[in-house]
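Working notes, beginning with the structure itself.
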Protein chains: 2
Amino acid sequence: MSISKQAFDRHDHSACVVSALDAAELLCARHGARLTGRRRRVLELVWRSHQAVKAYDLLAQMAREDPSVKPPTVYRALDFLIAQGLVHRIESLNAFVGCVRPGQAHHEQFLICDDCGTVQEVEVPEVGRSLTKAATSAGFQADHQTIEVHGRCDTCCQPASRR
Amino acid sequence: MSISKQAFDRHDHSACVVSALDAAELLCARHGARLTGRRRRVLELVWRSHQAVKAYDLLAQMAREDPSVKPPTVYRALDFLIAQGLVHRIESLNAFVGCVRPGQAHHEQFLICDDCGTVQEVEVPEVGRSLTKAATSAGFQADHQTIEVHGRCDTCCQPASRR
DNA sequence: GGTCACTTGATATAATATTACACTTTTCCG
DNA sequence: CGGAAAAGTGTAATATTATATCAAGTGACC
Ligand SMILES: [Zn+2]
Ligand SMILES: [Zn+2]
Ligand SMILES: [Zn+2]
Ligand SMILES: [Zn+2]
C-alpha cells in the first residue's frame, strides 16, 4: 500500500482521474499508440471510481451520450487499454479497473472488497516471485499471473461507529 | 507438485476419475450432502480430463443423454460441487476443474497451459501466506484467493523431438 | 401419512463477449 | 501534394455464459 486506507477514503479522486489520463497520454505517445476519443473516454469512465466497472455499464453511459456506441466499441477500447497496460481486467468479476502503475512492469495483484466493491491494486513482490519460482521448478513457463483476493476492506471491517 | 510432469503425461487417468468419485462419495456422506445422480454425472464429466471444462460443454454432453438437462441443471450441480470443494472454478477461463485435494483446506492455485489447456492445481504455501499477510497488514480480511498462472506447461515447452 | 427441506424440471431472460463486413480516418511513402 | 496501406470505427448479427422464477418431484423425519 502506498497510502493508508483512511487517507484513501477521503482522497481527492479527481486527482486520480487527471493523473491517470495524463499518464495515459504520455505512455501512448511513448509507445506510438493512439489514445483516441473513444479510448480516452472509456479510460475516463473506468477511473470514475476505484471499483471495477462492467463493460455494459460503460456501454450504457457512453450510449447515452452517443447512440452509435455498441458493445464492440467498448470492448475494443478496453482491449486497447489493457494491451497498453492502462487497464486491468478482474477475472473474478468480469470487470475492469484502471492500473495504478501504468508503464511500470508489475504483476497484477488485487484486493477486492465484496462489501463495497473497492479494488485495490497491490504489489507483493514475494508472491509473484514465489509463484514464478514454483512454476519454473515444475517446468512451467509462466506468462501471466491472475491474483485476486476477495474479502472485506479496512473500512467495511470496522464497526459503523468508527467510520 | 506431487508427481513429475512426465509421469503425469502417461498416468492412468481412469484411476483419477475413480478416486475423485470415491472421495466425493465419502466427503458428501461426511457432510450430510447428497451426491445425486446429476451431481455425480457432472463431477464425472468434469474429471474426463485435466483440462478445464466449460459449463455448456457439460450441458451438451448431458443433454445428448437426457434432453431434460438445461443450463440450470448444470450450473446447479456445479454450484453444489464447488460448495463441497469438489470442483474449482477457473475464473480466467470461465471453466471448471476437479479439485485434487477435496476435503483438505487449501488455497486454490493453478498453472494453466495456454497451449494444451491442462490445468494443474498446485499448493505453494508461501504464496498464500504472503498474500494473506500483505492483505492483513492493509487492514483487509481475506476470504478467498484466486490464483491462476497462465503460460506453457513442461510438455508444451519441450521441442517436438523430446515428446 | 403428513410435512418440511431439498432437489429438479421447465421456460424465459439476463449478462457478457465476439464475428464479420463496410466505411472512415490517419499515417506514411514517393 | 496524392494515393496506398494501416489503423480505427460503425453496424448488425450472433455466440457464449449465467440467472430468475415458479411448478413439480423426492427423500428425510416424525
Ligand atoms: Zn482515486
Ligand atoms: Zn469495502
Ligand atoms: Zn488424471
Ligand atoms: Zn501444455
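Throughout, protein chains are lettered first and strands after them, A, B, ... in sequence-line order, and every chain is numbered starting at 1. Note that the structure is predicted; figures quoted are calculated from it, not measured.
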(message) At less than 4.0 Å, is any side-chain N or O atom of B/Thr36 found next to OP1 or OP2 of C/dT8? Yes or no.
(response) yes
(request) Compute the angle between the rotation axes at the two ends of the helix from C/dG1-D/dC30 to C/dG30-D/dC1, each taken over five pairs, rounded to 10 degrees. (result) 30°
(message) I need the residues from residues 51-60 of chain A with at least one non-hydrogen atom less than 4.0 Å from DNA chain C; give them sorted by number, or say none.
(response) A/Lys54, A/Tyr56
(request) Decide whether B/Glu148 and B/Ser92 meet the rule of one side-chain donor and one side-chain acceptor closer than 3.5 Å. (result) yes
(message) Measure NZ/A/Lys70 against P/D/dA12 and give the value in whole Å, please.
(response) 6 Å
(request) Using distance alone, with no hydrogens and no angle criterion, decide if A/His31 and A/Gln84 have a side-chain donor and acceptor under 3.5 Å apart. (result) no
(request) Give a yes/no on whether any side-chain N or O of A/Arg39 is located under 4.0 angstrom from OP1 or OP2 of D/dG8. (result) yes
(request) Kindly say whether B/Cys116 contributes a backbone atom to a donor-acceptor pair with the side chain of B/Gln51 at under 3.5 angstrom? (result) yes
(request) For residues B/Ala138 and A/Asp154, report the shortest heavy-atom separation together with the two atoms involved. (result) O-CB, 4.2 Å
(message) Can a side-chain donor-acceptor contact be found between A/Gln141 and A/Thr136 if the only test is distance below 3.5 angstrom?
(response) no
(message) Rounded to whole Å, please give me the gap between CG in A/Asp79 and P in C/dT16.
(response) 16 Å
(request) Remember a base hit wins even if backbone is also touched, and classify B/Arg76 as base, sugar-phosphate or nothing at under 4.0 Å, heavy atoms. (result) base
(message) Is the distance from the ring center of B/His13 to that of B/His50 below 6.0 Å?
(response) yes
(request) May I have the distance from B/Arg38 (atom CZ) to D/dG25 (atom P), rounded to whole angstrom? (result) 15 Å
(request) Would you mind reading off the distance between B/Tyr75 atom OH and C/dT8 atom P, rounded to a whole angstrom? (result) 17 Å
(request) Determine, for B/Glu108 against B/Arg89, whether the closest basic-nitrogen to carboxylate-oxygen distance falls under 4.0 angstrom. (result) no
(request) Please determine which of A/Val119, A/Thr118, A/Val122 meets the side-chain contact (heavy atoms from CB on, under 4.5 Å) test together with A/Leu111. (result) A/Val122
(message) If only side-chain N and O atoms count, and only distance matters, is there a donor-acceptor pair under 3.5 Å linking B/Asp57 with B/Gln61?
(response) no
(request) Please work out which residues in residues 83-99 of chain B have a non-hydrogen atom less than 4.0 Å from an atom of DNA chain C and list them by number. (result) none
(message) Please report the distance, rounded to the nearest Å, between CZ in A/Phe80 and C1' in D/dA7.
(response) 11 Å
(request) Ignoring backbone atoms, test whether B/Arg34 places a side-chain nitrogen or oxygen under 4.0 Å from the OP1 or OP2 oxygen of D/dA28. (result) no
(message) B/Val53 and side-chain contact (heavy atoms from CB on, under 4.5 Å): which single residue from B/Leu58, B/Val42, B/Leu45 fits?
(response) B/Leu58
(request) Locate the shortest heavy-atom distance separating B/Phe140 from A/Gly151; write the atom from each residue and the value. (result) CZ-N, 3.5 Å
(request) Please check the phosphate of C/dT8 (OP1 and OP2 only) for any side-chain N or O of B/Thr73 closer than 4.0 Å. (result) no
(request) Take atom CZ of B/Arg40 and atom C1' of C/dT8, then tell me their distance rounded to the nearest Å. (result) 19 Å
(request) Using distance alone, with no hydrogens and no angle criterion, decide if B/Asp143 and A/His150 have a side-chain donor and acceptor under 3.5 Å apart. (result) no
(request) Find the distance B/Leu78:CG to C/dT8:C1' and express it as a whole number of Å. (result) 15 Å
